[in-house]
Amino acid sequence: MTQTQTTAPGHVPTGLFIGGAWREGTGGGRIDVLNPATDEVVAEVADGTPDDAIAACDAAEAAQPGWAATPPRERAEILRACWETMIDHTDELAELIVREQGKPLADARGEIAYSAEFFRWNSEETVRIRGEIGRAPSGNNQIIVHHPPVGVVLMITPWNFPAAMITRKLAPALGAGNAVVIKPPKETPLTALRVVELMAEAGVPDGVINVVPTSTSGDWFDAAVDHRAVRMLSFTGSTEVGRVLLRRASDRVLKTVMELGGNAPFVVFDDADIDAAVEGAMVAKMRHSAETCTAANRFYVEAGVVDEFAEKFTAAMAAVKVGNGLDEGVGCGPMINKGAVEDIDGLVRGAVTEGASVLLGGEPLPGAGCFYPTTVLRDVSHDSSIARAEIFGPVAPIISFTDHDEMIRQANDTEMGLIGYVYTRDLAKGLRTSERIQAGMIGLNRGAVSDPAAPFGGMKQSGLGREGSTDGIYEFCETQYIAASW
Ligand code: NAD
């Protein structure tokens, strides 16, 4: 690995990482990475061009056969070393995330633990990729099924988890024996670059991971997707962009895994432990400054407990300190940029026009940075635009319900199906309700579900495929069947 590029604070690399070497983009441009808490430029990162995307795919193509041929145990040991090095660098990586993304330091530390765990989990899965052998029903031959790596994988990731949305793909892809090309988001490329630098130091061979940030993602993707070696697209981001990429990936019939947007219902029945429901609601709404695909987006609360829930939840939201994620005690950092604040403000204003009452917050905070206060809305109509949109900010709309079937109908009345939450003391009712909610994941009396050992992903337009669990590594494998006689 050669290192010639300029560095950001803490000696974070700011070049493109292609074929194990750091280089400038062929266009010579740079992308400003902004701190959303202060509006200051944290660093300037090399701006990759379509030619750079192709160079990265070439490097991955060259590295692919050697990596695929590396014994699984050796690949597993390298992944395990990646887990160790990420954990060893928790403080540094967490601070970097806060500087470019804004989330509170405690959340950033949690993200590093979660991100690193994908390496440990997949190091264990790497040596357990199974095949099958069985006699054909005719008795004439044997049916052998095995799972070779899919080939070069393009990975495109969002800014809300600058580390985890990369490692959740990268660890299983590498474990399965693939080389990859990553396009991190232009808002948060620094964490991606530092993580892959650590991975190279941990023993990932040159060319197996390539990272090319860009400010022109459409052109970048158009070039990369047509590269002959690319066999798969793994994308995490909005449903809107996911649709565009799926359409384009179909030109080459690429294998795809899509982790897309959410619009999670959070259901509180009148027999729930309300204090536990409020605690879970705070986790489901506010973790990572409420900028998560799993964020509770619509709170359906049964009429008999809506006053108590609204009062306690509003008090908990009011107690959250909004500010720079590096400051002591901050529970909600800035939004990613001014545009995000404007979008949230527009949704809140629209909800108020449509009849919602504001229990807390409701106005963007003045001054530097991209801050929006914790906000609770009541008397929100299921048909209002805020209940239809993915809010991606610290705003909680409460919708009261009386009829269970109608509540389920409303909870499912969205094209999204990533996650739902249910609170009740009646486990049978909780399980029945969970089964009726059309979502890939359910938190039953829990505000957090993410776990590298569990399948993460959505139904409906929230995605295709799963990340994590024992399924995750097979997403990055082909299936080959050999009809054999001997
Ligand atoms: P986004 O869709 O705007 O961007 C995601 C990535 O796609 C970024 O790297 C972006 O640069 C890139 N991109 C945008 N247009 C592109 C194009 N034409 N060609 C190629 N790449 C392109 O999403 P975002 O704002 O970064 O992230 C927020 C969204 O991501 C939310 O909808 C959230 O729910 C979703 N998300 C989903 C999951 C999940 O696991 N389901 C996890 C995190 C975030």
Side-chain angles (χ1 to χ4, degrees), residues 31 33 36 45 47-48 50 53 100-101 103 111 114-115 118 154-169 181-189 191-192 211-226 230 233-249 251 254 256-264 287-297 335-337 339-340 343-344 389-393 414-419 439-441 449-452 454-468 472 475:
I31 306 168
V33 181
V45 165
D47 191 0
E100 65 175 348
Q101 199 272 345
K103 67 181 65 177
E111 179 179 344
Y114 177 60
S115 311
F118 284 98
L154 290 185
M155 299 183 168
I156 298 183
T157 57
W159 49 262
N160 64 338
F161 287 88
M165 294 305 97
I166 291 178
T167 64
R168 204 166 74 179
K169 304 177 182 308
V181 176
I182 302 169
K183 192 205 83 57
K186 66 178 187 312
E187 294 85 353
T188 61
T191 308
V211 187
V212 181
T214 183
S215 63
T216 53
S217 49
D219 294 342
W220 185 106
F221 181 65
D222 256 344
V225 80
D226 282 334
V230 169
L233 167 66
S234 176
F235 172 77
T236 300
S238 62
T239 298
E240 192 185 357
V241 171
R243 279 193 207 102
V244 173
L245 303 195
L246 266 176
R247 242 176 254 136
R248 186 67 178 84
D251 291 341
L254 295 186
T256 55
V257 168
M258 310 299 279
E259 298 286 350
L260 307 177
N263 181 356
R287 274 184 337 134
H288 307 274
S289 308
E291 294 173 309
T292 68
C293 55
T294 52
N297 209 58
M335 302 295 96
I336 189 66
N337 52 37
D343 289 349
I344 296 164
E390 187 180 24
I391 302 169
F392 240 61
T414 162
E415 64 192 18
M416 301 304 168
L418 188 62
I419 186 165
M441 301 175 287
V449 305
S450 299
D451 188 327
F456 190 105
M459 294 180 182
K460 295 157 80 177
Q461 294 193 33
S462 284
L464 296 170
R466 293 294 182 269
E467 292 185 336
E475 297 277 10

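The first residue in the sequence is number 1, and the count goes up from there. Any value given below was found using the heavy atoms of this structure, including those in side chains, with hydrogens, waters and symmetry copies removed. Both counts, for ligands and for their atoms, begin at 1 and track the order of listing.
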message = Under the criterion side-chain contact (heavy atoms from CB on, under 4.5 Å), I'd like the reasoning laid out for Phe161 against Thr292: C-alpha separation, chi angles, the key distance, then a yes or no.
response = CA-CA 8 Å; Phe161 287 88; Thr292 68; 3.7 Å; yes
task = Specify whether the nearest protein heavy atom to atom 4 (O) of ligand 1 is under 4.0 angstrom away.
result = no
message = So, applying side-chain contact (heavy atoms from CB on, under 4.5 Å) with Thr157, which one of Pro162, Pro185, Ser234 is it?
response = Pro185
key: For atom 8 (C) of ligand 1, closest protein heavy-atom neighbour   = Thr157 O, 3.3 Å
ask   = Would you say Val244 contacts ligand 1, with heavy atoms under 4.0 Å as the rule?
value = no
query = So, Ser289 side chain and Glu291 main chain: donor-acceptor pair closer than 3.5 Å or not?
reply = no
request  = Spell out, as yes or no, whether a donor-acceptor pair under 3.5 Å connects the side chain of Arg466 to the backbone of Gly458.
outcome  = yes
request  = State the atoms of ligand 1, each with its element, that fall below the 4.0 Å cut-off from a heavy-atom position in Asn160.
outcome  = 43 (C), 44 (C)
task = List the closest protein heavy-atom neighbour of atom 18 (N) of ligand 1: residue, atom name, distance to the nearest 0.1 Å.
result = Gly218 CA, 3.8 Å
remark   = Of all protein heavy atoms, the one nearest atom 27 (O) of ligand 1 is Pro158 CB, 3.3 Å
ask   = Under a 4.0 Å heavy-atom limit, does Lys186 contact ligand 1 with its side chain, its backbone, both, or neither?
value = neither
query = Any idea which protein heavy atom is nearest atom 19 (N) of ligand 1, and the distance to it?
reply = Leu245 CD2, 3.3 Å
note = atom 41 (N) of ligand 1: closest protein heavy atom, distance to 0.1 Å, is Leu260 O, 2.7 Å
query = Please walk me through it: do Asp251 and Val225 pass side-chain contact (heavy atoms from CB on, under 4.5 Å)?
reply = CA-CA 9 Å; Asp251 291 341; Val225 80; over 6 Å; no
task = Considering only NZ, NE, NH1 and NH2 on the basic side and carboxylate oxygens on the acidic side, decide whether Lys169 and Glu467 come within less than 4.0 Å.
result = yes
Heavy-atom nearest neighbour in the protein, as seen from atom 10 (C) of ligand 1, with distance rounded to 0.1 Å = Lys183 NZ, 3.9 Å
query = Under 3.5 Å, is there a donor-acceptor pair between the side chain of Ser462 and the main chain of Gly261?
reply = yes
ask   = What part of Phe161 sits under 4.0 Å from ligand 1 if we count only heavy atoms: the side chain, the backbone, both or neither?
value = neither
Short N or O distance, Trp159 and ligand 1, threshold 3.5 Å exclusive = yes
ask   = Do His288 and Gln101 pass the side-chain contact (heavy atoms from CB on, under 4.5 Å) test, and can you show the C-alpha distance, the side-chain angles, and the key distance before you say yes or no?
value = CA-CA 10 Å; His288 307 274; Gln101 199 272 345; over 6 Å; no
message = Surrounding NZ of Lys186 (heavy atoms of other residues, nucleotides or ligands, distance under 6.0 Å), is the total greater than 12?
response = no
task = Consider every N or O of Arg168 and every N or O of ligand 1, then say whether any pair is closer than 3.5 Å.
result = yes
inquiry  = If you measure every N or O of Thr236 against every N or O of ligand 1, does any of those distances drop under 3.5 Å?
reply    = no
ask   = Which atoms of ligand 1 sit under 4.0 Å from any heavy atom of Phe392?
value = 28 (C), 31 (C), 33 (C), 34 (O)
inquiry  = If I apply the N/O under 3.5 Å rule, does Phe235 come out as touching ligand 1?
reply    = no
key: Protein heavy-atom partner closest to atom 21 (N) of ligand 1 - residue, atom, separation in Å   = Ser217 CB, 3.6 Å
request  = Going by heavy-atom distance to atom 36 (N) of ligand 1, choose the closest among Cys293, Pro184, Ser450, Pro189.
outcome  = Cys293
request  = Select one of side chain, backbone, both or neither to describe which atoms of Phe456 lie under 4.0 Å from any atom of ligand 1, heavy atoms only.
outcome  = side chain
inquiry  = For the 3.5 Å polar cut-off, considering only N or O atoms, please tell me whether Ser238 and ligand 1 meet it.
reply    = yes
Donor-acceptor pair, side chain of Lys103 and main chain of Asn160, under 3.5 angstrom = yes
inquiry  = Please determine whether side-chain contact (heavy atoms from CB on, under 4.5 Å) holds for the pair Glu259 and Met165, giving the CA-CA distance in whole Å, both sets of side-chain angles, and the decisive distance to 0.1 Å.
reply    = CA-CA 10 Å; Glu259 298 286 350; Met165 294 305 97; over 6 Å; no
query = Short question: side chain of Asn263, backbone of Asn297 - any donor-acceptor pair under 3.5 Å?
reply = no
request  = Look at atom 14 (C) of ligand 1 and say which protein heavy atom is nearest, naming residue and atom and giving the distance to 0.1 Å.
outcome  = Val241 CG1, 3.6 Å
task = Please determine if Lys183 forms a cation-pi arrangement with Phe235, meaning its NZ or CZ atom is less than 6.0 Å from the six-membered ring centre and no more than 45° off the ring axis.
result = no
query = Can you find an N/O atom of Glu390 closer than 3.5 Å to an N/O atom of ligand 1?
reply = yes
Check: Thr191 main-chain N/O paired with Glu100 side-chain donor or acceptor under 3.5 Å = yes
message = Give the atom numbers and elements of ligand 1 that come within less than 4.0 Å of a heavy atom of Met165.
response = 42 (C), 43 (C)
request  = With heavy atoms of Pro185 as the reference, note each atom of ligand 1 found under 4.0 Å away.
outcome  = 9 (O)
